Amino acid sequence: MADDKKLTTRAEDFSAWYNELVLRAELADYSPVKGSMVIRPNGYGIWERMQRALDDRFKETGHQNAYFPLFIPQSFLQKEASHVEGFAPEVAVVTHGGGKPLEEPLIVRPTSETIIYHMFAKWTQSYRDLPILINQWANVVRWEMRTRLFLRTLEFLWQEGHTAHATHDEAEAEARQMLGVYRGFMEDWIAMPVVTGQKSESEKFAGALRTYSCEAMMQDNKALQAGTSHNLGQNFAKAFDLTFQAENGETAHAWNTSWGVSTRMVGGLVMTHSDDNGLVTPPRLAPIEVVIVPIYKTDEERGRVVEAAHKVKADLGAWTGRGATDRLRVKVDDRDGVKPGAKYYEWELRGVPLRLEIGPKDLEKGSVFSARRDTRAKAAIPMAGLPEAVARLLETIQTDLLAAARARREANSHRHVTSYAQFKEIMDGPGGFVYAGWNGDPASEAKVKEETKATIRCIPDPEFRSAEAPRTCLVTGEPAKHEVIWAKAY
RNA sequence: CGGGGCGUAGCGUAGCCCGGUAUCGCGCCUGCUUUGGGAGCAGGAGGUCGCCGGUUCGAAUCCGGCCGCCCCGACCA
């Protein structure tokens with residue numbers, strides 16, 4: 001009886017756990033079209049908070065939002081050779097409109113480089129028109145074979161930044177800057193530590209010069225690529241005649257970058273923090289940070305306690321200690337006829353970071369009883385100074401989540417692996433990140449993928465590299481060109 | 001597209017082998033009693049048994065075809 005109320009545990013079946021959690025916490029639901037999903041208010045609320053935090057950072061770094069259309073002429077995709085090769089198989093094509101076949105089919109954007117650089121070309125004459133720093137929030141469509149809620153669906157929501165610069169170095173700095181913005185967001189908001197680094201040739205974006213990424217480790221020890229930033233070089237500028245007249249009077253092609261993160265991050269949030277009781281949301285992204293459950297027996301008690309609960313909510317919401325616009329987000333669950341225990345389970349499933357219980361005993365003592373979602377630690381908090389105490393506790397939860405996730409990642413990261421046999425053992429067993437040498441040859445990368453399903457997640461940035469660089473290639477034993485991170489990935 | 005599994009009430013299922021118009025749990029509605037970790041009792045609503053066809057007096061059940069979904073592979077934010 002109680003059993004079917006419980007989730008499949010992570011240990012039993014991680015993938016079933018994830019699916020059940022997403023459905024039961026009402027983050028998302030399957031839509032009638034295979035591979036696409038509805039994002040429900042609980043999930044969309046998290047996405048909205050992600051959007052707001054990121055959008056602020058994009059603005060701070062000088063970007064402006066704009067919107068480019070969903071439909072792109074099919075011919076546009078074909079103008080950049082590797083881009084078309086990379087995306088052609090997963091592009092949805094519109095062939096009819098207004099009841100008639102179209103003269104030229106339209107593609108539904110899988111990403112917007114082509115249309116955006118076409119427009120940039122129209123707007124750019126002089127170096128004085130550069131840089132162009134644009135972001136758009138949009139949906140994109142990629143016809144994937146195998147889909148999973150939030151992690152890979154036919155349609156997803158994201159932002160794509162697109163910039164044009166006069167020089168390679170400026171574009172490079174932009175791509176690196178935005179990678180840093182992503183990393184900061186993922187750590188400070190999602191409390192999801194990431195390794196930043198550069199993608200290998202085979203893993204980079206179709207049409208890019210270089211791709212950088214943020215790689216997170218999920219609780220099943222698989223890697224999740226949570227965000228990418230590309231230095232596109234002049235590839236798209238050449239394909240779309242994006243030129244400008246430089247100071248010296250010569251005409252030159254612009255240098256572009258593009259960078260994006262998507263609703264996939266919601267899946268990352270789930271798989272980073274949640275437990276067998278349900279979702280765990282980092283406070284900064286939680287649509288509801290605090291839920292108050294009134295406890296009572298009689299109608300008389302109910303009246304007093306529910307009133308007190310609403311008073312606490314009002315006090316918390318009125319507190320401006322985090323700034324006038326960043327108020328504590330509080331809900332009172334005053335449903336009658338649902339027992340407190342049932343409410344606890346429900347809000348735990350939904351991932352509310354902090355629960356406050358207020359009953360007659362608490363009123364007598366002038367305190368409230370708190371329960372943390374992440375550690376399930378419980379403690380009484382005096383009513384006096386409650387907003388400050390609650391805000392502090394939420395901050396503690398936020399930082400503890402990041403610390404716990406980082407500790408888990410490090411515990412499952414394997415350095416100084418030099419033997420391929422040992423590597424296979426790790427990949428067949430616990431998995432995780434393996435730091436090892438690589439000769440830089442795509443052939444050895446392909447061999448590992450073929451034999452173990454692990455791929456090179458990135459060539460990590462210097463701060464993530466091992467104190468002593470590996471000397472030999474994990475696969476061939478030849479001298480290593482780079483230290484890379486191997487992992488199975490989503 | 002290959003391999004595996006599954007379609008019965010909102011969800012999870014029994015029944016199928018051995019044909020007779022459907023079982024149980026959760027959820028939902030009403031009432032009363034409850035309420036500090038998933039409440040109890042009583043009453044009630046809810047079903048084209050995935051779809052089409054065949055066999056049969058009679059099909060959830062047997063036969064044929066089709067569709068859909070999930071999991072595992074080839075592709076990917």
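Here the structure is a predicted model, which is why all the values come from computation and not from measurement. Note on naming: letters A, B, ... go to the chains in the order of the sequence lines (proteins, then strands), and numbering restarts at 1 for each one.
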For a quick test of your reading: what N or O donor-acceptor pairs under 3.5 Å do the side chains of residues 281-296 of chain A make, sequence neighbours left out?
{"from": "A:Thr281", "atom 1": "OG1", "to": "A:Gly351", "atom 2": "O", "distance (Å)": "3.0"}
{"from": "A:Arg284", "atom 1": "NH1", "to": "A:Asp188", "atom 2": "O", "distance (Å)": "3.3"}
{"from": "A:Glu289", "atom 1": "OE1", "to": "A:Arg322", "atom 2": "NH2", "distance (Å)": "2.9"}
{"from": "A:Glu289", "atom 1": "OE1", "to": "A:Arg329", "atom 2": "N", "distance (Å)": "2.9"}
{"from": "A:Glu289", "atom 1": "OE2", "to": "A:Arg322", "atom 2": "NH1", "distance (Å)": "2.9"}
{"from": "A:Glu289", "atom 1": "OE2", "to": "A:Arg322", "atom 2": "NH2", "distance (Å)": "3.4"}
{"from": "A:Tyr296", "atom 1": "OH", "to": "A:Arg302", "atom 2": "NE", "distance (Å)": "3.3"}
{"from": "A:Tyr296", "atom 1": "OH", "to": "A:Asp336", "atom 2": "OD1", "distance (Å)": "2.8"}

Query raised in the report: Taking the six-membered ring of A:Tyr344, is the NZ or CZ of A:Arg355 close enough (under 6.0 Å from the centre) and on axis enough (within 45°)?
Result: yes

Query raised in the report: Does the ring-ring contact (aromatic ring centres under 6.0 Å, His included) test come out yes or no for A:Phe68 and A:His162, once each step is laid out?
Result: CA-CA 11 Å; A:Phe68 295 81; A:His162 292 275; 7.6 Å; no

Query raised in the report: What does A:Lys343 touch in the nucleic acid at a heavy-atom separation under 4.0 angstrom: a base, only the sugar-phosphate, or nothing?
Result: nothing

Query raised in the report: Dot-bracket, RNA chain B: Watson-Crick or G-U, under 3.5 angstrom, [ ] crossing, | other strand?
Result: ((((((((.[[[..)....(...]]].((((((.....)))))).....[[[[[..)....]]]]])))))))....

Query raised in the report: B:G27 C1' sits how many Å from A:Leu23 CG, rounded?
Result: 16 Å

Query raised in the report: Looking for any heavy atom pair under 4.0 Å, which part of the strands does A:Gly359 touch: base, sugar-phosphate only, or nothing?
Result: base

Query - B:C75 and B:C66, which share atom name C1', separated by this distance in whole Å - result: 28 Å

Report task. Kindly say whether, by distance alone, the side chain of A:Lys378 makes a donor-acceptor pair under 3.5 Å with the base of B:G37? Result -> yes

Requested in this report: Compute both the distance and the angle, then confirm whether A:Arg264 meets the cation-pi test with A:Phe156: under 6.0 Å from the six-membered ring centre, within 45 degrees of the axis.
Outcome: no

Under 3.5 Å, which protein N or O atoms sit close to an N or O of nucleotides 74-77 of chain B? Give each pair with its distance.
{"from": "B:C76", "atom 1": "O2'", "to": "A:Glu144", "atom 2": "OE2", "distance (Å)": "3.1"}
{"from": "B:C76", "atom 1": "O2", "to": "A:Arg152", "atom 2": "NE", "distance (Å)": "2.0"}
{"from": "B:C76", "atom 1": "O2", "to": "A:Arg152", "atom 2": "NH1", "distance (Å)": "3.2"}
{"from": "B:C76", "atom 1": "O2", "to": "A:Arg152", "atom 2": "NH2", "distance (Å)": "2.1"}
{"from": "B:C76", "atom 1": "N3", "to": "A:Arg152", "atom 2": "NH2", "distance (Å)": "3.0"}
{"from": "B:A77", "atom 1": "O3'", "to": "A:Gln225", "atom 2": "NE2", "distance (Å)": "2.4"}
{"from": "B:A77", "atom 1": "O2'", "to": "A:Arg264", "atom 2": "NE", "distance (Å)": "3.2"}
{"from": "B:A77", "atom 1": "O2'", "to": "A:Arg264", "atom 2": "NH1", "distance (Å)": "2.6"}
{"from": "B:A77", "atom 1": "N6", "to": "A:Thr153", "atom 2": "N", "distance (Å)": "2.9"}
{"from": "B:A77", "atom 1": "N6", "to": "A:Thr153", "atom 2": "O", "distance (Å)": "2.8"}
{"from": "B:A77", "atom 1": "N3", "to": "A:Ser262", "atom 2": "OG", "distance (Å)": "3.3"}

Query raised in the report: Is A:Glu348 side chain donor-acceptor paired with the B:G37 base, going by distance under 3.5 Å alone?
Result: yes

Requested in this report: Taking atom types as modelled, find out whether A:Asp461 and A:Thr196 have a side-chain donor-acceptor pair closer than 3.5 angstrom.
Outcome: yes

Query raised in the report: Between A:Ser202 and A:Glu445, does any side-chain donor sit less than 3.5 Å from a side-chain acceptor?
Result: yes

Query raised in the report: Counting any heavy atom closer than 4.0 Å, what does A:Arg335 reach on the DNA or RNA strands: base, sugar-phosphate only, or nothing?
Result: nothing

Report task. Please report, rounded to the nearest Å, how far the P atom of B:C11 is from the CG atom of A:Leu7. Result -> 18 Å

Requested in this report: Could you tell me whether A:Lys199 contacts a base, only the sugar-phosphate backbone, or nothing, with contacts defined as non-hydrogen atoms closer than 4.0 Å?
Outcome: nothing

**Report entry** Same-atom distance (C1') from B:C11 to B:G27, integer angstrom
**Finding:** 7 Å

Requested in this report: Pick the C1' atom in B:C62 and in B:C18, then give their distance to the nearest Å.
Outcome: 11 Å

Report task. Please answer whether the main-chain N or O of A:Arg40 pairs with a side-chain N or O of A:Asp29 as donor and acceptor at a distance below 3.5 Å. Result -> no

Requested in this report: Go through the steps for A:Tyr18 and A:Phe150 under the test ring-ring contact (aromatic ring centres under 6.0 Å, His included), then give the verdict.
Outcome: CA-CA 11 Å; A:Tyr18 175 82; A:Phe150 286 113; 7.6 Å; no

Requested in this report: May I ask whether A:Tyr345 stacks on the base of B:G38, given the cut-offs of 5.5 Å between ring centres and 30° between planes?
Outcome: yes

Query raised in the report: Taking the C1' atom of each, how far is B:A60 from B:C6, in whole Å?
Result: 15 Å

**Report entry** Sugar-phosphate, base or nothing in reach of A:Glu160, heavy atoms under 4.0 Å
**Finding:** nothing

Query raised in the report: Taking atom types as modelled and ignoring hydrogens, do the side chains of A:Asn139 and A:Arg109 form a donor-acceptor contact shorter than 3.5 angstrom?
Result: yes

Query raised in the report: Within less than 4.0 Å of OP1 or OP2 of B:C71, is there a side-chain N or O belonging to A:Asn19?
Result: yes

Query raised in the report: Think A:Arg142 forms a cation-pi with A:Trp158, using NZ or CZ under 6.0 Å from the six-ring centre and within 45 degrees of its axis?
Result: yes

Requested in this report: Please tell me which of the listed nucleotides, B:U35, B:G38, B:G37, lies nearest to the side chain of A:Ala342?
Outcome: B:G38

